[in-house]
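Everything on this sheet refers to the single structure shown next.
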Amino acid sequence: MGWKLSAEAGASEPQWADRLWRGNQPAGSPVVSEEQFDLLSTLDLRQEMPTPRVSKSFLSLLFQVLSVLLSLLGDMLVSVYREVCSIRFLLTAVSLLSLFLTALWWGLLCLVPPLENEPKEMLTLSEYHERVRSQGQQLQQLQAELDKLHKEVSSVRAANSERVAKLVFQRLNEDFVRKPDYALSSVGASIDLEKTSHDYEDATTAYFWNRFSFWNYARPPTVILEPDVFPGNCWAFEGDQGQVVIRLPGRVQLSDITLQHPPPSVAHTGKANSAPRDFAVYGLQVDDETEVFLGKFTFDVEKSEIQTFHLQNDPPMAFPKVKIQILSNWGHPRFTCLYRVRAHGTRTSEGAGDSATGGPH
């Protein structure tokens with residue numbers, strides 16, 4: 001309704017304007033015709049007519065271009081923001097990881113004790129190679145020396161096998177007691193035959209031929225003063241009781257007595273029942289009548305073949321002779337064998353021996 005009223009008003013406006021204009025004309029002014037007036041009104045309307053509007057299609061296209069540009073700009077800003085956020089996150093993660101590794105390293109340094117042989121300075125690659133090369137040369141030299149030594153030992157074994165065997169047997173037969181032996185014939189000891197039991201005589205053998213020394217296989221009592229101990233090389237006396245008196249090379253303060261008998265493992269019969277078992281030791285004074293008891297002992301064939309017994313010689317007294325009295329053996333019914341007897345102690349001078357024993361000067 002408003003639009004229609006305005007249109008009617010617009011249509012009646014020229015008439016109203018014309019009337020007004022005509023009414024306002026002063027007297028004596030020239031009269032204008034209606035055609036001229038219409039022409040003038042038309043010109044005025046054209047002057048008052050607004051500029052033509054831009055088409056809607058152009059505006060819509062412009063808006064679409066602007067929206068696309070704004071969308072692209074927004075996407076670009078979002079991408080840049082995301083990149084910035086990702087880099088920031090990465091830097092934050094790297095920083096936290098670095099702090100964690102640093103704390104872990106310091107913790108290990110505080111907990112783990114430092115190495116004692118830690119090198120004070122780091123070696124360069126060339127120095128390391130030089131050291132490895134020198135050590136390799138040293139190893140080669142040691143290997144060459146070992147090969148040379150092996151060849152020498154092989155040649156010695158091949159050329160001197162008998163000598164090596166004798167040396168081995170000598171080492172095996174060494175005195176493991178590690179004490180001086182004064183009942184050794186090589187240092188002057190001997191047997192007092194008058195105070196020693198008689199040798200064993202086997203009645204089952206040819207009695208006639210045993211009277212000749214070169215047919216008699218029995219060993220004399222002096223064999224117990226020799227270091228050669230092997231099966232059969234012993235002094236045998238009849239029964240399980242007997243004695244032997246050893247004349248020492250001088251006055252000796254006796255401390256120990258050692259008996260030696262081959263073990264059953266090397267005996268031809270597989271047993272050692274002829275070995276002495278219980279025995280007593282006496283020290284004889286210069287008059288050969290006074291005897292001093294030095295102890296009673298037992299030789300155990302199940303133990304070592306060399307057994308040492310400590311004598312009861314306190315205060316120490318020096319004796320020129322020592323008597324070994326066998327009281328029993330390990331079951332042999334006919335005889336007892338003695339292989340080796342050793343007397344240990346300290347040798348004294350004549351004056352010291354007399355004073356120690358209480359004998360005359």
Side-chain angles (χ1 to χ4, degrees), residues 104-189 219 222-234 249 252 255-268 270 272 275 299-310 339-347:
L104 182 61
W105 175 253
W106 282 106
L108 291 176
L109 288 180
C110 293
L111 293 177
V112 179
L115 297 177
E116 297 180 356
N117 298 327
E118 184 179 0
K120 297 182 180 180
E121 57 182 6
M122 299 297 293
L123 297 176
T124 61
L125 186 59
S126 59
E127 292 175 348
Y128 177 76
H129 285 299
E130 181 64 24
R131 182 169 295 182
V132 170
R133 187 180 63 83
S134 62
Q135 291 180 355
Q137 291 178 354
Q138 293 178 0
L139 289 176
Q140 291 178 358
Q141 292 177 358
L142 290 175
Q143 185 64 36
E145 292 179 0
L146 288 175
D147 294 339
K148 182 179 179 181
L149 182 61
H150 179 71
K151 291 180 181 178
E152 291 179 356
V153 172
S154 300
S155 62
V156 168
R157 287 179 179 177
N160 303 316
S161 58
E162 185 178 356
R163 181 180 178 183
V164 171
K166 289 182 178 180
L167 180 62
V168 170
F169 282 112
Q170 180 180 357
R171 296 298 183 187
L172 290 175
N173 293 326
E174 275 186 347
D175 187 0
F176 295 102
V177 181
R178 306 250 179 221
K179 294 180 179 181
D181 181 15
Y182 293 101
L184 195 63
S185 60
S186 60
V187 298
R219 305 294 294 167
T222 55
V223 73
I224 68 174
L225 308 179
E226 301 294 336
D228 298 331
V229 177
F230 52 87
N233 189 36
C234 66
V252 179
S255 61
D256 303 276
I257 286 291
T258 297
L259 296 187
Q260 183 176 355
H261 194 282
S265 58
V266 300
H268 295 85
F299 182 85
D300 191 354
V301 293
E302 300 296 333
K303 295 182 179 179
S304 174
E305 61 175 315
I306 301 176
Q307 300 179 29
T308 301
F309 306 93
H310 185 67
Y339 276 84
R340 187 179 179 187
V341 178
R342 310 182 199 186
H344 311 292
T346 304
R347 186 173 181 177

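Every heavy atom of this structure was used, including side-chain atoms; hydrogens, water molecules and symmetry mates were not. Positions are given from 1, in the same order as the sequence printed here.
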Contact summary for [X] and [Y], nearest pair of heavy atoms:
| X | Y | result |
| --- | --- | --- |
| Cys234 | Val223 | C-CG1, 3.5 Å |
| Pro249 | Val187 | CB-O, 3.3 Å |
| Gln260 | Tyr339 | O-CB, 3.2 Å |
| Val266 | Pro262 | CG2-CB, 3.8 Å |
| Arg347 | Tyr182 | N-OH, 3.6 Å |
| Ser304 | Gln307 | O-NE2, 2.9 Å |

*Please determine if Lys148 and Glu145 form a salt bridge, counting it only when a charged side-chain N lies under 4.0 Å from a carboxylate O.*
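A salt bridge is absent here (no side-chain N lies under 4.0 Å from a carboxylate O).
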If you define the side chain from C-beta out and look only at heavy atoms, does anything of [X] sit under 4.5 Å from [Y]?
| X | Y | answer |
| --- | --- | --- |
| Leu259 | Val341 | yes |
| Ile306 | Arg340 | no |
| Ser255 | Thr346 | no |

*Are the side chain of His344 and the backbone of Pro180 linked by a donor-acceptor contact shorter than 3.5 Å?*
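Yes, His344 side chain to Pro180 backbone: donor-acceptor pair under 3.5 Å.
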*Is a side-chain donor or acceptor of Asp228 paired with a backbone partner of Asn233 at a separation under 3.5 angstrom?*
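Side chain of Asp228 to backbone of Asn233, a donor-acceptor pair under 3.5 Å: no, none is there.
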Rounded to the nearest 0.5 Å, how far apart are [atom1] of [X] and [atom2] of [Y]?
| X | Y | atom1 | atom2 | answer |
| --- | --- | --- | --- | --- |
| Leu184 | Ile224 | CG | CD1 | 11.5 Å |
| Ser134 | Gln138 | OG | CD | 5.5 Å |
| Glu130 | Gln135 | CD | CD | 11.0 Å |
| Asp147 | Lys151 | CG | NZ | 6.5 Å |

